[in-house]
Amino acid sequence: MESIFKDVDEERTIANAERVLKDYWKWRLRARRVNFNLQSPAMDGMPKSPSYGNHIEDKQVSKANDDFMANLVVKSLKLLQLMKKRRNIQSY
């Protein structure tokens, strides 16, 4: 039976997994820390250059991404624990 992972670069995969696991706390903290404050525009009468960015939306997307990645790491670790238990049970 051929493995579906025959073309996978193991060293690069391990490096990527380590990077993701190291960034877990950063994602978790950023997902909890971000808050959204709507502010009314300043009416001082001075001309301003137009702003084309939507900063509130950017913060919401960033928070959603951080939360997704943190939850993905947690679920992946739980899955690995279940797989390890199953392998231990099957070895008996």
Side-chain angles (χ1 to χ4, degrees):
M1 180 176 194
E2 285 189 37
S3 173
I4 60 173
F5 301 111
K6 64 182 177 184
D7 296 329
V8 173
D9 182 1
E10 284 188 42
E11 290 181 17
R12 200 168 85 198
T13 301
I14 291 170
N16 286 339
E18 287 175 350
R19 180 182 48 82
V20 168
L21 292 173
K22 286 178 184 176
D23 289 342
Y24 167 75
W25 289 110
K26 178 180 71 174
W27 288 320
R28 180 55 69 201
L29 289 173
R30 284 196 314 198
R32 290 182 181 177
R33 181 177 42 195
V34 176
N35 60 356
F36 307 108
N37 295 329
L38 293 178
Q39 299 175 350
S40 58
M43 301 292 198
D44 60 3
M46 298 299 292
K48 304 272 191 278
S49 62
S51 175
Y52 297 107
N54 186 342
H55 302 292
I56 299 297
E57 183 177 294
D58 293 341
K59 286 182 180 180
Q60 289 174 336
V61 169
S62 178
K63 179 188 179 346
N65 287 338
D66 293 337
D67 198 37
F68 172 79
M69 288 302 294
N71 287 330
L72 182 65
V73 169
V74 170
K75 290 178 182 180
S76 298
L77 291 175
K78 286 181 182 179
L79 178 64
L80 287 173
Q81 288 174 345
L82 287 173
M83 291 172 63
K84 184 177 178 182
K85 285 180 183 178
R86 182 180 292 163
R87 189 177 308 137
N88 287 341
I89 290 171
Q90 288 176 349
S91 68
Y92 287 118

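All figures in this text were calculated on a predicted structure; none of them were measured in a lab.
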message: Run the side chain to side chain contact (heavy atoms under 4.5 Å, CB included) test against Arg19 and tell me which residues pass, sequence neighbours left out.
response: Asn16, Asp23
- request: Mind checking the CZ-CG spacing from Arg32 to Asp66? Nearest 0.5 Å is all I need.
  value: 12.5 Å
message: Just verifying a value: how many Å separate Lys84 NZ and Leu82 CG, rounded to the nearest 0.5 Å?
response: 12.0 Å
message: Quick check against the 3.5 Å criterion: does Thr13 have a side-chain atom that pairs as donor or acceptor with the backbone of Asp9?
response: yes
query: Mind checking whether Trp25 and Trp27 sit in one hydrophobic cluster, side chains of I, L, V, M, F, W, Y counted as touching below 4.5 Å?
result: yes
task: Spell out, yes or no, whether Val20 and Phe68 are grouped together once hydrophobic residues are joined by side-chain heavy atoms under 4.5 Å, including indirect joins.
output: yes
query: Quick one: are Asp58 and Ser62 in side-chain contact, heavy atoms under 4.5 Å?
result: no
Distance-only criterion, 3.5 Å: show the donor-acceptor pairs between side-chain atoms of residues 69-81 and protein atoms not counting sequence neighbours.
from  : atom 1 : to    : atom 2 : distance (Å)
Asn71 : OD1    : Arg28 : NH2    : 2.9
Asn71 : ND2    : Asp67 : O      : 3.2
Ser76 : OG     : Leu72 : O      : 2.8

